[in-house]
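Excluded from the calculations below are hydrogen atoms, water molecules and symmetry mates; all remaining heavy atoms, backbone and side chain alike, are included. Chain identifiers are assigned alphabetically (A, B, ...) following the order of the sequence lines, protein sequences preceding nucleic acid strands; residue numbering begins at 1 within each chain.
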There are 2 protein chains.
Amino acid sequence: MNKAVRPSRPQTRRQRVEEKEQAIIAAARAVFGKNGFDKAKIAEIAKRAGVAEGTVYLYFENKNALLLAVATEFYDRLTHDAAEGIKSLPDTKSRLAFLARHHVERVAAEWPMLSTAMMPFKASDEYRQTEGYQLNRTYVEVFDQVIRDGINRGDIRTDVPLSVMRDIFYGGLEYGARTLRMRPDRADLDETVDQMMQILSVGMLVKPAAVDTDGGAADAVLDRLEKIATRLETTAATTD
Amino acid sequence: MNKAVRPSRPQTRRQRVEEKEQAIIAAARAVFGKNGFDKAKIAEIAKRAGVAEGTVYLYFENKNALLLAVATEFYDRLTHDAAEGIKSLPDTKSRLAFLARHHVERVAAEWPMLSTAMMPFKASDEYRQTEGYQLNRTYVEVFDQVIRDGINRGDIRTDVPLSVMRDIFYGGLEYGARTLRMRPDRADLDETVDQMMQILSVGMLVKPAAVDTDGGAADAVLDRLEKIATRLETTAATTD
DNA sequence: CTTGTAAATGAAGCATATTCATATATACTG
DNA sequence: CAGTATATATGAATATGCTTCATTTACAAG
């Protein structure tokens, strides 16, 4: 129970433990971020966190669990900021643009960690059973909601499944982020994202111009079909 | 020099060496493919190839070099088949469709290997200096050429850089391939690729060409429909 | 002050990639 | 064909790095 606040630095025992846990996570983030998961040594993480090697295992079951902790913090922030960012945006297009900008910015920043981070998860066919998958799932839920909303508003085409849109959106952005990071000329982030959105939005949005993508052919077919159907329904009650 | 062909199994010394090298690569492909790079044990590869553990290191500097050998074979085939496949295709749109189908099919098939395969390369910021990057570069050159050609023909929009198109194309397809592989319901590959192309082509192709987004399919349907309607109208002579 | 418990330590254990001293097979030479 | 140099092969030894564990230290309660 709480007796009194000791004037010394660390307060209660529990608090000191939490602090240490944070220190280890912070150290891990730094070391993972430097050269990726594989090259990161537990020894270095321990040293940075100011603990013995064995202590790390008092807090995390193994190296993967440590990565998961780092990834969880990252995804929590990412998801939160994504959800927060679209709140004030009124239309589907600007929401998607925001999500794209936000994603690329964050991913490009934490690239070394991320590229390897999800690897232990993504590698296997059982990816779906991993916690890493769940983190990602929660994150992309923000995107999914924007799309569903967009469909209700009539902004988004309905002939392509959500999952396909999601894959193209995030797959494309991830590659884009990587390219951005590698480029020696450090091409402008905003400009690149704009360009990506030019392709993506045209492909996903049902815009007035795109309604007529096929030159009205589909409409003509549908019209004609309706007429025939009506006629068949009214006349022949005999079908096979 | 070639003396005479010995009737025994292995011919010249050089040939036996090459055979063994191939055996090791084949074993490595199998083992990498099973559970990815990390979980693959050199010991198992050696056993499968019928050599001692140390022998592997006579042929390949280390595990990474072995992966590179496997990846090189994969990419060589991939690149060759891609280049071959588009040769007979006349228009930009069908070429892109072919490249997409081809890519997804191959990537989905060799997923466990690939997902980890490029990881040791992709992880670092020096990716561009790796041989893995070069393999990829050569491969996507096929795509780049299709796009450049498409631009000359006026099929492809010019307001978005090639690199952006490339990233979205292959990034999207990679994610799509992964999803396809994970799906328990094993969604139809062709259908999924079609859907992806619906987004990608609208985004990349120039409008006028997009008037005919479905390659004239709608027109064909309409024609057929008209004929059927006419026939129905004339035979069952009951009109309203 | 004593003692039980939580927390921490770093040396030992273990799994694997890689190296190396040694052995074997092959080709060449006289 | 024997002798020898060279290429090839071996598997035990080494190195590295994650993980465990017996021991120690710090803390809180009585």
Quiz item: What is the distance, rounded to the nearest whole Å, between atom CZ of Phe60(B) and atom C1' of dA17(C)?
Solution: 16 Å
Practice problem: Would you verify whether the NZ or CZ of Lys63(B) falls within 45 degrees of the ring axis of Phe37(B) while also being under 6.0 Å from that six-membered ring's centre? | Solution: yes
Quiz item: side chain to side chain donor-acceptor pair (under 3.5 Å) with Lys34(A): which residues, sequence neighbours excluded?
Solution: Glu44(A)
Practice problem: Could I get the full list of side-chain contact (heavy atoms from CB on, under 4.5 Å) partners for Ile151(B), not counting sequence neighbours? | Solution: Ile147(B), Ile156(B), Thr158(B)
Practice problem: Compute both the distance and the angle, then confirm whether Arg166(A) meets the cation-pi test with Phe169(A): under 6.0 Å from the six-membered ring centre, within 45 degrees of the axis. | Solution: no
Quiz prompt | With His103(A) via ring pair (Phe, Tyr, Trp, His ring centres under 6.0 Å) - residues at least two apart | solution = Tyr139(A), Tyr170(A)
Quiz item: Would you call Arg106(A) and Glu110(A) a salt bridge, using N to O less than 4.0 angstrom?
Solution: no
Quiz item: How would nucleotides 9-20 of chain D be written as a contact map, 5' to 3', with B for base contact, S for sugar-phosphate-only contact and - for no contact, using protein heavy atoms under 4.0 Å?
Solution: BBB-----SSBB
Exercise. With Arg178(B) as the cation and Tyr175(B) as the aromatic partner, state whether NZ or CZ is under 6.0 Å from the six-membered ring centre and within 45° of the axis.
Key: yes
Exercise. Pull out every residue in residues 22-31 of chain B that has a heavy atom closer than 4.0 Å to any atom of DNA chain D, ordered by number, or say none.
Key: none
Self-check item: Interatomic distance, Glu21(B) CD vs dT8(D) P [rounded to whole Å]
Solution: 11 Å
Quiz prompt | All salt bridge (charged side-chain N to carboxylate O under 4.0 Å, His left out) counterparts of Arg101(A), not counting sequence neighbours | solution = Glu105(A), Asp190(A)
